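Report on the structure given below.
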Amino acid sequence: MTALNGKQRDHSACSGCSLCLLACPVWHQTRDIRLTPHGRAKALQHGATAGEVAASIASCTLCGACAPACPEEIDLVGMMLELRKQQPLAPERVATKLNGSAKAVLRAGIASTLLLPGEGLREDTARLARIVRLLGDAVALADDDGSDIGLALEAGVAVDNERVARFLDGLRGATRLIVADGIMHYALRRLSPGMRIEGLGEALSTLAPVRARLRASDLYVIEPRAFHGDYARLIGHYDALRANSGCAMNLDLQRFAIPTTASSAQNALGLPGIDATAQARWILQGRSIERIVVEDIADAAVFARVSARPVVHLGDV
Amino acid sequence: MPHGVVIARNAAQVAALLKTAQAERVPVTVRGGGLTTEGESVAYGGVLLDMTGMSRVLEVDADRLTVRTEAGIFWASLAEVLRRDGLDYLSAPLNLTSTVGGTLGVGGIDVNSPRLGCSADQALALQLVTPTGEIVECSDTENAALFERAILGYGQFGVITEATLRIRRYTPIRMRYFYYSGLRTAIEDLQLLDRNDASDYCGILTMMDKAINLLVAFDSDEREAAFDANWQTRLRGSGEAGFALRMGLHYALRPWRLGEALYLWRRKRELFPEFRRPEHTRDGRMHDRAVVFSRAVWKFWGGRQMVIPDLATSAGKFADAVERGNAVCRRFFPHYTLYCVGIRLREDHRAHYEMSCIPPDALGWAYGCEFEPMIGDAVYSRDTLQSFKNAIYDIGVDIGGSYYRFGGMMKGYIRRALGDAVVERHLAMKRAADPAMILNRDVIF
Ligand SMILES: Cc1cc2nc3c(=O)[nH]c(=O)nc-3n(C[C@H](O)[C@H](O)[C@H](O)COP(=O)(O)OP(=O)(O)OC[C@H]3O[C@@H](n4cnc5c(N)ncnc54)[C@H](O)[C@@H]3O)c2cc1C
Ligand code: SF4
Ligand code: SF4
């Protein structure tokens, strides 16, 4: 793999600069270099197999922060997804979920813009209805939002082609997708090149009524996967949002989003992983804020556990 | 390769490791960020002690402006914590991922070093695990001799497990750039600003010896206004537009140098936006300058094959040293960068500097220049790169200078630069402190 500027893009290009560590929640909580892109890349450079770095592969929350952090432009998320295929996360548990959610059918609707709400929002029907109204008449809910495919992709478990084809078929006719689940955002950008794909956070925070309701005393929590997956474009969007509203954001000094990791596959599958509440506490440390506004519905519960401040979804501001 | 790696978790564990290693005569190499470039933190056998496992900030005292931190922390991680309280460290290498302990051991230079000194000088106290496994607190007033040896001591006299550092209130900075076509003029102007405390940040960054950028920056409007009133007109550099015009004219008259002109133009187009990233700019001020500079350093100068020899001299010898080093760069590489900065010296810390990068004849300021070939995708043999480094280091010996980085790979220069007497005295101290010579034994002696 070679980037446009001629730099190699796989692990062999790793210079060992450690910038990925600074952005990585796994590093933040473990301080164990073996569980980081740097550690994995160096191990692979020296001939390690995926099996030999299995613990490292299992630890990654796929928040994507390391990818824009890497000055060698290594596709660290792509690299992790490839490694996961060799060392999948709890394949039996994923298989159960695959079967379960494939049966779920949502309200039908083909429109030029489709909203793929993801598992968390789909279950919260009242909120989902409010969000759809807010996004406007031109937006319809997708019948099938592919959450099971997203989980399988993240866990490294193969999904049969027929299932993927069925999912893509359901999107036919749409020119714009609003995707709440960050990992699906990543997948769809690759599966549907040419289609306009936005995170739900971006779509909502572009709306004037939503922007107008953000306050300087808010902590605005960006959903990290969609943000990091399209970082070069979205950093401008969020910087303008911050400048307009004056709110604080879950950005670190490099301007990458600090994730709670609440939406990781480890959480969905009940596997041991990063302590999301500790991440939320770190995001809050030293900040005097009055309200927490989250893009990812899974973050709401995490912040509610560690803060007495009101926590609202962006669709409810 | 080491025989094993231990991730440091606390001082007691490090002490137990060193006691056993001392008894069994097992070498222990300490690694922080591993960014020193002369193999200082590379282990050839024995145990590699990875200090990044000790990365917690222990106490921030916003009133006294101090922080107590575990020493394996990256400067960038320390800054993350301090910034939540509107605070910042004083100075650190511009790479984000060197550690506090590794930097206190080697010195550390930043673009505010002309004012604030080397990074090691911001240490007020250390917790040290000696090579025989005692856990000792040291500072200018407590176990002062040990403190003297540990600071800028390349980890010879103990593992730094905790450090108390001076800190300050965070400020965004306002940057100004002046462009020169001659190295000597730019260096004279740099030294003029340093001598007169005319700016808060000051350094030179070049594209070969063609586009020489004197970078000046300020923490406050008052300091910038004073600079404008007193010093700006005395600088001989031009602004960006004027310099571009002069360069255009220069290359128009020398069409056979078109390749070089194109390189400079391309480089400028890639590099300049990095220093003006909108998400790091508010009201004309740069926020988190260390991030902006360091990310640019990694992006444009980083890579798997990095070679950064350097020279450190007194103020008077500096321009000669840089010009001679520049001639060496020209001989070896088509493209390279020079990075020059002054280091304010603390008279009361002179003893700390004895076995370090600070040349003994430097008074008030020492000056450092890094010679950084832009290797990119080119492949050079190890021999070529080593010859290049030797050619730079030879200049240091010749003019009675020193080097920012001492380490295993340039051991041959240590006695030549510092003299047998100093090295023998430190070797005797090392033997007394570390009878089995286990700790970082391939670095200096
Ligand atoms: C891209 C790049 C940019 C750089 N920019 C700068 C710059 O702007 N300014 C600058 O000053 N330097 C710069 N350097 C050099 C390097 O960053 C510094 O030398 C840095 O301070 C080294 O810190 P480290 O944590 O990486 O130390 P290491 O390389 O890990 O260790 C340095 C030495 O200290 C010892 N050591 C490490 N930790 C401890 C400890 N806790 N206790 C005792 N001994 C210890 C090691 O054994 C070794 O001898 C740069 C290097 C690179 C690669
Ligand atoms: S994706 Fe996130 S958790 Fe995984 S290595 Fe990168 S930064 Fe760490
Ligand atoms: S940021 Fe990229 S180049 Fe640097 S250590 Fe991580 S993976 Fe390697």
Side-chain angles (χ1 to χ4, degrees), chain A residues 2 5-8 11-24 27-36 38-39 41-42 45-46 68-73 231-232 234-243 246 248-249 251-256 258 282-288, chain B residues 1 5 7-9 31-35 50-56 60 70 72-77 79-88 95-99 170 270 277-283 287-292 294-306 376-377:
Chain A
T2 305
N5 64 4
K7 285 189 175 183
Q8 288 290 312
H11 61 81
S12 65
C14 174
S15 68
C17 69
S18 290
L19 292 189
C20 51
L21 272 58
L22 300 177
C24 177
W27 163 255
H28 185 76
Q29 289 199 6
T30 63
R31 305 294 182 187
D32 185 338
I33 197 167
R34 292 169 298 181
L35 306 183
T36 68
H38 180 172
K42 286 292 162 193
Q45 274 178 12
H46 289 92
C70 178
E72 297 299 325
E73 297 175 19
Y231 182 78
L234 288 176
I235 182 62
H237 169 79
Y238 284 103
D239 195 46
L241 188 64
R242 185 205 48 74
M249 288 181 165
L251 295 176
D252 65 13
L253 297 184
Q254 294 195 78
R255 310 298 188 260
F256 304 127
I258 306 172
W282 163 234
I283 292 168
L284 289 168
Q285 185 176 314
R287 299 188 202 267
S288 55
Chain B
M1 289 280 270
V5 178
I7 299 182
R9 294 295 179 192
R31 185 184 194 274
L35 296 186
D50 174 2
M51 289 304 295
T52 60
M54 288 186 71
S55 293
R56 284 173 309 152
V60 180
E70 290 184 335
I73 195 167
F74 293 138
W75 288 101
S77 304
E80 290 280 359
V81 175
L82 292 175
R83 277 297 298 288
R84 298 293 176 90
D85 293 323
L87 301 166
D88 202 358
N95 53 36
L96 300 178
T97 48
S98 46
T99 63
Y170 167 76
E270 290 168 354
R277 296 189 69 89
E279 66 273 21
H280 285 279
T281 312
R282 253 175 258 168
D283 305 324
H287 282 259
D288 304 308
R289 64 170 184 99
V291 171
V292 178
S294 305
R295 288 198 60 83
V297 165
W298 280 115
K299 188 163 171 184
F300 294 99
W301 288 276
R304 287 189 65 185
Q305 213 183 15
M306 287 180 74
D377 292 332

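Proteins get letters first, then strands, A, B, ... in listed order; numbering begins at 1 in each. Owing to the predicted nature of the structure, the values given are computational and were not obtained by experimental measurement.
- The minimum heavy-atom distance between I7(B) and R34(A), with the atom names listed, is CD1-NH2, 4.1 Å.
- Of the listed residues S15(A), G16(A), C17(A), the one with more heavy-atom pairs under 4.5 angstrom with chain B than any other is C17(A).
- For L21(A), the part lying under 4.5 angstrom from a heavy atom of chain B is the side chain only.
- The shortest distance between side-chain heavy atoms of L251(A) and E279(B) does not fall below 4.5 Å.
- Looking at W27(A), only its side chain comes within 4.5 Å of chain B, counting heavy atoms on both sides.
- Using modelled atom types, no side-chain atom of R83(B) and backbone atom of D252(A) make a donor-acceptor pair closer than 3.5 Å.
- With a threshold of 4.5 angstrom between heavy atoms, R9(B) approaches chain A through side-chain atoms but not through N, CA, C or O.
- Listed here is the closest heavy atom pair of I258(A) and R84(B): CD1-NH2, 3.5 Å.
- Contacts of V5(B) with chain A are absent, with no heavy-atom separation under 4.5 Å from either backbone or side chain.
- Taking 4.5 Å as the limit, every side-chain heavy atom of R295(B) sits out of range of all side-chain heavy atoms of R255(A).
- Proximity to chain A (any heavy atom under 4.5 Å) is restricted, for N95(B), to the backbone atoms N, CA, C and O.
- Only the side chain of L22(A) has a heavy atom closer than 4.5 Å to any heavy atom of chain B.
- In terms of modelled atom types and a separation under 3.5 Å, the side chain of E80(B) and the main chain of L253(A) share a donor-acceptor contact.
- In this structure, the portions of A69(A) lying under 4.5 Å from any heavy atom of chain B include both its backbone and its side chain.
- Checking side-chain atoms of R31(A) against main-chain N and O of M51(B) turns up no donor-acceptor pair under 3.5 Å.
- Under a 3.5 Å cut-off, the side chain of T97(B) and the backbone N or O of L19(A) do not form any donor-acceptor pair.
- For A290(B), no part lies under 4.5 angstrom from a heavy atom of chain A.
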